[in-house]
Amino acid sequence: MTNSALALPASGAGPLRHHPLVLRYAPIATIVLALIAIWYVAALLMNWSLVRDGFEREETPYTVSDVIAGTMSAERPLLPAPHQVISAFADSVFGYAPTAPRSLVYHAVVTLSATLLGFLLGSLFGIALALMIVHSAVLEKSLLPWIICSQMVPILALAPIFVVVLGALGLHGLLPKSIISAYLCFFPVTVGMVKGFTSPDPMQLDLMRTWSATPRQVLSKLRWPSAVPYLFASLKVAISISLIGAIVAELPTGGEAGIGARLLAGSYYGQTIQIWAALLAAAVLASGLIGLVDLAEKITGIRMGARP
Amino acid sequence: MNPQKLRLGLILAAAGMLLALVLPLSGEAAMSLSIWPIGVALTVGAALLFVAGAWRGGAWAVAFGLMGVLCGVATTLALLRDPAIAGSAASGFWIMVAAVWLGAALCVMQLATMRPRSELARRALNMVIPLLFGAVVFYLWEVGIRGFGVSPVILPAPSAAAARFAASLPTLETDFVQTFVRGVLIGYVIGCGAGLLVAIVAQRFSFLGRGLLPLGNFFSALPLVGVAPIMVMWFGFDWPSKAAVVVLVTFFPMLVNSLAGLAAAGHMERDLMRSYGADHRQMLMKLYLPAALPFIFNALKINATLALIGAIVAEFFGTPTQGIGFRISTEAGRMAIDMVWAEIALAAIAGMAFYGLVALAERATTFWHSSYRT
């Protein structure tokens, strides 16, 4: 990696084959292309009997090429071809006004707002909990084992109860979903930040003590800065979990809006293309959110004087 | 912890216990503890034990304090069986609960400051403290729910969920078999096995590896459980669709971690193997795979949780009429929240046991790794 970064300014020299960008991206591109090719073949094979039966039921004469064309453009295929998914995705993103219930943008925004609110609440709670644990030996000994244990529990299974319970308490809409997201994403933040806050080595802590620093100063001048890499590592995990939490939380409610509701509606009505388009939207959201955290990490790194 | 504070706290707890004798216990019926001799005896006993703890201090304070806490817990739980108290408990009852909580908290704090000399005692202490903490949380949950009379629709008392758990063992067993043994285990084995195999192939051909690593990283961050409706459509309502979701969810973490692990063998070791004239198979068996074991186990541990989540979520999209996820969603719809909590307890126990088994296997096979040598 460092080699390719160093060699970057000298691009143009040497054969194209050894260009660092080619070296880096050629394997990825090859595999992506291979996956797409496999997808097309799979779509052909999986939809074959479906399309052929359709022709036979209508008793129209058909040729192999008709069936092949049919597998690529079936209305309710077992596996839609990639271009069908992309066009359905583009259609539902650009085809409707962003506030229309048929627009994927509308659903994505609903899920995104729950994700972000949950992420914010969960991360803040996680950091606060980590601070308490770092400053209290009692909590570290009594609470931390439970937090670690709870990571082995399929917490997502709690999502429907939370929605039902909060619904019974009169909370609807955004908040129950974000509470689930927050609940899911505070664990990695707490565990990561406890590690981060305790990462300064004893020498540095001793040095702070010789300067008679107050606990608050130790926190702001030593513990926080050394916890920053851990913070961003756990935030990246947290935001993808937060998105999963928001999507799953939209399932049991039979939610009216959101990517999860789109998935559920698609599975009820057998709209496969709609499901795939919703999945694509989820993937775009996930990569966008992680990209944002990445960007924040880079900016913070530069602000703190890290050399790229 | 400061012995002065410990004494003061224990005396406060004792005072709370004694105060509960005179204050009203129930908001509805005018009753106090004095009509129930065993309760009076237990309360006074708890107060005396707290005072004894305050008098002796140190480790004795913990012993006396815990005995006092036990007396207090017994009294409050016995009192809750009275229908006049359950749901409309008044100041006397809550003061007793607060005193019990204070005594228990002081004991936990005192235990956390103890530094026993022997290794065994230290380990036992590290087990006892969180267990005690958890027991206090469960006690407060139980007492709070029953004392305030919280509707079981919102949150059942842990004892209600436990009773439901014990009463519906056959249902829980079929759900466990359906979700865990069929969906999770089969999917987990296939997914992790496939991830490892692909990683081994990708390590052999570095072009493949360089392409798969970023893609695997990308895919493992995606909300892959969303494919559940598609899998249900492809493989039907029964366990194969759940296993398929689990395969997909576990594959990418395994791939990424194994790729990292297979690259973990040092240059020196590789050179040494090469100088022995080892072929690729021997290198793999004797160097790469053992060096990758800690990474592989890391993935196995991550996947243990992910697999259970994937299987349960997939059941929200349709199942034959059994399975943990099915039961949770239908019972939540019927407002039978105690059954939901029993299922969650089942999932939690299964998840922890699964994780624990993987961790045990890790200890048994990677005992040589630096993280276990101290």
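Reckoned from all heavy atoms, side chains included, excluding hydrogens, waters and symmetry mates. Note that this is a predicted model, so its numbers are computed, not measured. Every chain is numbered from 1, with letters handed out A, B, ... down the list of sequences.
- Interface remark: L212(B) contributes backbone and side-chain atoms alike to the contact with chain A (heavy atom separation under 4.5 Å).
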- [ ] Report the C-alpha distance between V137(B) and W146(A) in whole Å, list the side-chain angles of each, state the deciding distance to 0.1 Å, and finish with yes or no for side-chain contact (heavy atoms from CB on, under 4.5 Å).
- [x] CA-CA 11 Å; V137(B) 170; W146(A) 284 98; over 6 Å; no
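- Within 6.0 Å of CZ in F138(B) there are 12 or fewer heavy atoms belonging to other residues, nucleotides or ligands.
- At most 12 non-hydrogen atoms from other residues, nucleotides or ligands lie less than 6.0 angstrom from CZ of F237(B).
- Tested against P223(B) for a side chain to side chain contact (heavy atoms under 4.5 Å, CB included), the candidates I247(A), I259(A), I241(A), L279(A) yield a single pass: I247(A).
- With chain B as the partner, the residue from I31(A), V237(A), I244(A) showing the most heavy-atom pairs under 4.5 Å is I31(A).
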TODO: Under the side-chain contact (heavy atoms from CB on, under 4.5 Å) rule, what do F218(B) and I290(A) come out as? Steps first, then yes or no, please.
DONE: CA-CA 10 Å; F218(B) 173 70; I290(A) 293 173; over 6 Å; no
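- The candidate from S240(A), S287(A), A282(A), S142(A) with the greatest count of non-hydrogen atom pairs under 4.5 Å with chain B is S142(A).
- Contact between M233(B) and T272(A) at its shortest, heavy atoms only, is SD-CG2, 3.3 Å.
- Within a 6.0 Å radius of NZ in K195(A), no more than 12 heavy atoms belonging to other residues, nucleotides or ligands are found.
- Between chain A and the options P229(B), G226(B), P130(B), heavy-atom pairs under 4.5 Å are most frequent for P130(B).
- Between chain A and the options S206(B), A112(B), A105(B), P214(B), the largest number of non-hydrogen pairs under 4.5 Å is found for A112(B).
- Around CZ of R123(B), the count of heavy atoms belonging to other residues, nucleotides or ligands within 6.0 Å does not exceed 12.
- Heavy atoms of other residues, nucleotides or ligands lying less than 6.0 angstrom from CH2 of W141(B) number more than 12.
- For chain A, no part of V232(B) is nearby; none of its heavy atoms comes within less than 4.5 Å.
- If you measure heavy-atom distances from L208(B) to chain A, the contacts under 4.5 Å come from both the backbone and the side chain.
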